[in-house]
Structure formats: structure tokens, C-alpha cells
Participant: 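Please find one structure pasted underneath; my questions will follow.
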Amino acid sequence: MLIRELPRLVNLRSVAILLVWLTALPVTVAEDVLVIDNGVVRVGIDRDKGAAITWLSTASYPKNMVNLADPGRLIQQSYYAGSSLDRRSDGQSDAWSPWPWNPIQGGGVGSWAHASKFERDADTLFSETTPQLWDMPNEEAKSVMRQWTTFEPSLPNTIVVRCEFVSLRDKNDRWGPAVMRHQEVPACYFTRNFVHVRSYLGNGKWREESHTPGPPWQQAEPPQKAMALFDASGQGVALFCPASTQRWNFGSHGEGLSDDPEAGPCMHVASIDLVKLGPESTYSYRYWMVLGDEQSIAESLDVLGKAYSQERAELTQP
């Protein structure tokens, strides 16, 4: 019964995200942003947004592709664990009750997380963040998220991100023991103009994926563990995550083709894994983001597929 409810929980949080931008704190351009740029791709993380990825662009598309409308957007780590609880007496948002233990890198409803470690070493960005629980404003989750962001060797249009999540919950806390839940690995939100969604089939071939405004999001099973979003000019961004084991979430929200990173309308894609996170679990995985036109993205995805298609996430727990 519980496993059948897991996709519903992921989509329920997606519904919640639509409501947050109506009441969230105003989004401003952050000064404390670390960036690496190899002349082809530029990627940045923001200390005051949990060190999530808040900037992604290319020489051919110099604008920011990432949607920043609220703490639930961005390109970020997001996890689900334990039982769904009604905590409204403690200040839990009515819109997200009952809700499981859900640490979010960017922050909770109406509040932003802050990175405690925030470093750039040559072409690598490193961060360490205490995330916030999604259903409560300003409630830190007993956990740590670490993230390493760099360029994939020999593929200048590709970044690789390693994520590590360490749960530090009390063994007998109110959320209880480990249960199987779907995880977004990672959750990605882009500007609304990247409206053309395609699953990669390998050898330069693509499958167009239709969608209507959501959530609930559409779902697809990309055979090469890669999906891309393109704008009208043919520029795009692909997510490759060999650690995914379930159908992916994707789709649009809102109308129009805005390229404004702070606008409510957006595009979403999330590769999904099914994981049993316990109070003291450590979970890690890698994903890649490939930028450019359809041909250059396809060529890089073929290289990544040959090198990493067998890679899986790692889970350890006492």
C-alpha cells in the first residue's frame, strides 16, 4: 500500500511548489555566488539558497536557464523518509499536511537554507548544507547535504555533480523507521521557454514527450536514463542520471514561454530512484548535465552512456 502511494507524495510536493511562489520571500540576485566557467558552460551555486545550483548557461545561451522562483525550484537535492505526519499544531503549513520527513537543499516553505561550507577549488565547487524540512518555515532537518560540482573531463559542454546525503535523525523520532520512498535525484526546474521535452534513445535519436501544464507531472521512462529540454532556437539542457531506477517526472507549469528565472511558470524534470532511507542512512549518487544543441548533446550523452551507464547510487545505514 505504501509503495503505491509514493509517486503521489512526490507529485503532492510538486503541487505545493506551485503555491509557494505566491507567498515566498522575494527573490533577489544573490551576491554570494560561486561560479566555474570553462568558456563553454557556466555553472553557479548560491550560499544563501542552500548552495543549490542557481545558474546554468552556455556561450550560445548566456542567460540563466534555472528557475529561482522559490526554495522548491532550483537544481537541488531533495529526499523523502519516514511516515507522513500532521504537525499543524507545531506550525506545519496546512497545504503540506500530513507530510513525511522531507529535507530540501534550497529551504522550506517561505524560507531559504544557508550553506555552512562554500568553496571553489580550481574547477570544482564544494558545499555543505544543513537543509530545511519542506513543510515548515525555518525548520532545519537533522541531516547534511554535501555537493561537488565540476566539469566532465573531455566533454566541455558537460558538468558532473556528486551528491551526498547524511541523515542524522534520532533513531526513535516521530517519523519512525525506514520505509521505501521515491527520491528526486535531483529535482530540476528551468525557465518556461525550454518547453520541448525529449527522451534520448541513443545514437543520435530522440523521442518527443508531450505534456500539459501540471502538476501532477507527466512520467516517462527514458531508455538511456537521459531527458533534455530545448527552447525554440534549439538550445537545450539534458539530465543524465544512471542512478535512476523508476519512471521520471517531467512537465511544464503555467502558460507562456518566459525566460525569466524568477517567474512562476517553469519547466521541471526529475530522475527518480526508489530508496529506503533510515534515520542514520547515507545516500550518494552522481548526475550529469549536458548543454548545447541537439547534436552536441546527443554526442556527449553517447560518451557518458558508454562510460557510466552501469553506475548506481550507494546507500549505507546501520
Side-chain angles (χ1 to χ4, degrees), residues 3 6-11 13-14 17 43 52-53 56 65-67 72-81 102-106 145 147-149 152 158-165 180-190 194 196-202 206-207 209 211 214-230 236-253 266-277 283-291 297-298 300-302 304-305 307-315:
I3 292 177
L6 294 175
R8 180 182 67 84
L9 285 173
V10 173
N11 277 328
R13 178 177 167 266
S14 301
I17 288 169
V43 57
I53 292 176
L56 198 60
M65 300 178 176
V66 182
N67 185 276
R73 306 293 181 94
L74 322 174
I75 299 174
Q76 64 172 310
Q77 298 185 58
S78 168
Y79 304 97
Y80 300 82
N102 181 201
I104 300 292
Q105 186 176 9
M145 292 179 179
Q147 187 163 299
W148 296 259
T149 304
E152 174 66 18
T158 303
I159 64 169
V160 54
V161 183
R162 179 161 67 94
C163 298
E164 180 184 78
F165 173 70
M180 294 291 279
R181 290 200 180 277
H182 284 78
Q183 314 294 340
E184 299 164 298
V185 289
C188 304
Y189 289 84
F190 300 101
F194 288 92
H196 303 287
V197 183
R198 297 169 190 144
S199 290
Y200 190 55
L201 307 181
W206 298 86
R207 180 180 70 211
E209 302 288 1
H211 55 89
W217 305 117
Q218 277 72 48
Q219 293 188 328
E221 190 170 353
Q224 300 296 314
K225 305 293 182 71
M227 294 184 74
L229 292 79
F230 296 93
V237 53
L239 171 64
F240 169 64
C241 184
S244 65
T245 60
Q246 309 296 305
R247 293 172 63 83
W248 291 30
N249 288 344
F250 73 96
S252 58
H253 160 60
C266 65
M267 296 297 299
H268 169 63
V269 64
S271 47
I272 306 294
D273 193 13
L274 185 60
V275 187
K276 192 175 183 179
L277 292 177
Y283 177 78
S284 61
Y285 69 96
R286 293 199 299 174
Y287 68 90
W288 288 256
M289 305 205 80
V290 188
L291 293 87
I297 289 176
S300 293
L301 287 175
D302 284 338
L304 293 173
Y308 303 114
S309 62
Q310 301 305 309
E311 184 169 300
R312 296 295 180 265
E314 297 182 0
L315 174 66

Participant: Taking C-beta and beyond as the side chain, do I272 and S244 meet within less than 4.5 Å on heavy atoms?
Facilitator: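 Answer no - side chains too far apart.
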Participant: Please name the pair of heavy atoms, one in F230 and one in G236, separated by the smallest distance, quoted to 0.1 Å.
Facilitator: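 Heavy atoms only, the tightest pair is CD2-CA, 3.6 Å.
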Participant: Out of the candidates Y285, F240, W288, only one should pair with Y308 under the ring-ring contact (aromatic ring centres under 6.0 Å, His included) rule; please name it.
Facilitator: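 Of the listed residues Y285, F240, W288, the ring-ring contact (aromatic ring centres under 6.0 Å, His included) partner of Y308 is W288.
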Participant: Kindly compute the distance separating SG (C188) from CE (M267), expressed to the nearest 0.5 Å.
Facilitator: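 C188 SG to M267 CE: 12.0 Å, rounded to 0.5 Å.
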Participant: Determine whether a donor-acceptor pair (N or O, by modelled atom type, separation under 3.5 Å) exists between the side chain of Q105 and the backbone of Q76.
Facilitator: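 Answer holds: no.
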Participant: How long is the straight-line distance from CG of L301 back to CG of L239, given to the nearest 0.5 Å?
Facilitator: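 One gets 9.5 Å once the value is rounded to the nearest 0.5 Å.
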Participant: Where is the tightest heavy-atom contact between Y79 and N102, given as atom of each residue plus distance?
Facilitator: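 In terms of heavy atoms, the two residues are closest at O-ND2, 2.7 Å.
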Participant: What pair of heavy atoms forms the shortest contact from R73 to C266, and how long is it?
Facilitator: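 It is NH1-SG, 3.3 Å.
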Participant: Answer yes or no: is there a side-chain heavy-atom contact under 4.5 Å between M289 and M65?
Facilitator: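 No, their side chains stay 4.5 Å or more apart.
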Participant: Take W217 and H253 through the test side chain to side chain contact (heavy atoms under 4.5 Å, CB included) and record every step on the way to the result.
Facilitator: CA-CA 9 Å; W217 305 117; H253 160 60; 4.1 Å; yes
Participant: So, using ring pair (Phe, Tyr, Trp, His ring centres under 6.0 Å) as the criterion, who are the partners of F250 when residues are at least two apart?
Facilitator: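 For F250, no residue satisfies ring pair (Phe, Tyr, Trp, His ring centres under 6.0 Å) once neighbours in sequence are set aside.
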Participant: Indicate yes or no: at least one non-hydrogen side-chain atom of C163 is less than 4.5 angstrom from one of Y283.
Facilitator: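 Not touching, per the 4.5 Å side-chain cut-off.
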Participant: Answer yes or no: is there a side-chain heavy-atom contact under 4.5 Å between Q183 and L277?
Facilitator: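 With C-beta onward as the side chain, the pair touches.
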Participant: Calculate, to the nearest 0.5 Å, the distance between atoms CD and CD belonging to Q219 and Q246 respectively.
Facilitator: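 Nearest 0.5 Å value for the CD-CD distance: 9.5 Å.
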Participant: Which residues pass the ring pair (Phe, Tyr, Trp, His ring centres under 6.0 Å) test with Y287, not counting sequence neighbours?
Facilitator: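 Ring pair (Phe, Tyr, Trp, His ring centres under 6.0 Å) check on Y287 returns nothing, list empty.
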Participant: Check whether any side-chain heavy atom of V161 lies under 4.5 Å from a side-chain heavy atom of Q147, and answer yes or no.
Facilitator: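 Yes, side chains in contact.
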Participant: How long is the straight-line distance from CD1 of I104 back to OH of Y80, given to the nearest 0.5 Å?
Facilitator: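 One gets 5.5 Å once the value is rounded to the nearest 0.5 Å.
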Participant: Testing K225, R162, R286 one by one against E311 for a salt bridge (charged side-chain N to carboxylate O under 4.0 Å, His left out), which residue passes?
Facilitator: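 Option passing the salt bridge (charged side-chain N to carboxylate O under 4.0 Å, His left out) with E311: R286.
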Participant: What's the spacing between R312 CZ and Q310 CD if we round to 0.5 Å?
Facilitator: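 Atom-to-atom, R312:CZ and Q310:CD are 5.5 Å apart.
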Participant: Side chains of F190 and V269: does their closest heavy-atom pair fall under 4.5 Å?
Facilitator: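 SC-SC contact between F190 and V269 confirmed.
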Participant: First locate atom CD of E164, then atom CE of M145, and finally report the distance between them rounded to the nearest 0.5 Å.
Facilitator: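 CE of M145 is found 11.5 Å from CD of E164.
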Participant: Any side-chain heavy atom of E209 within less than 4.5 Å of one from Q218?
Facilitator: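 E209 does not reach Q218 side chain to side chain.
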Participant: Quick one: closest heavy-atom pair of G72 and Y189, and the distance?
Facilitator: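 For G72 versus Y189, the nearest heavy atoms are O-CE1, 3.3 Å.
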Participant: Are any of the side-chain heavy atoms of S271 and P186 separated by less than 4.5 Å?
Facilitator: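 Yes, their side chains come closer than 4.5 Å.
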Participant: Can you list everything that forms a ring pair (Phe, Tyr, Trp, His ring centres under 6.0 Å) with Y200? Sequence neighbours excluded, please.
Facilitator: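 Y200: ring pair (Phe, Tyr, Trp, His ring centres under 6.0 Å) contacts with W206.
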Participant: When you measure from the side chain of N67 to the backbone of L74, do you find a donor-acceptor pair of N or O atoms at a distance under 3.5 Å?
Facilitator: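 Not a single qualifying donor-acceptor pair exists.
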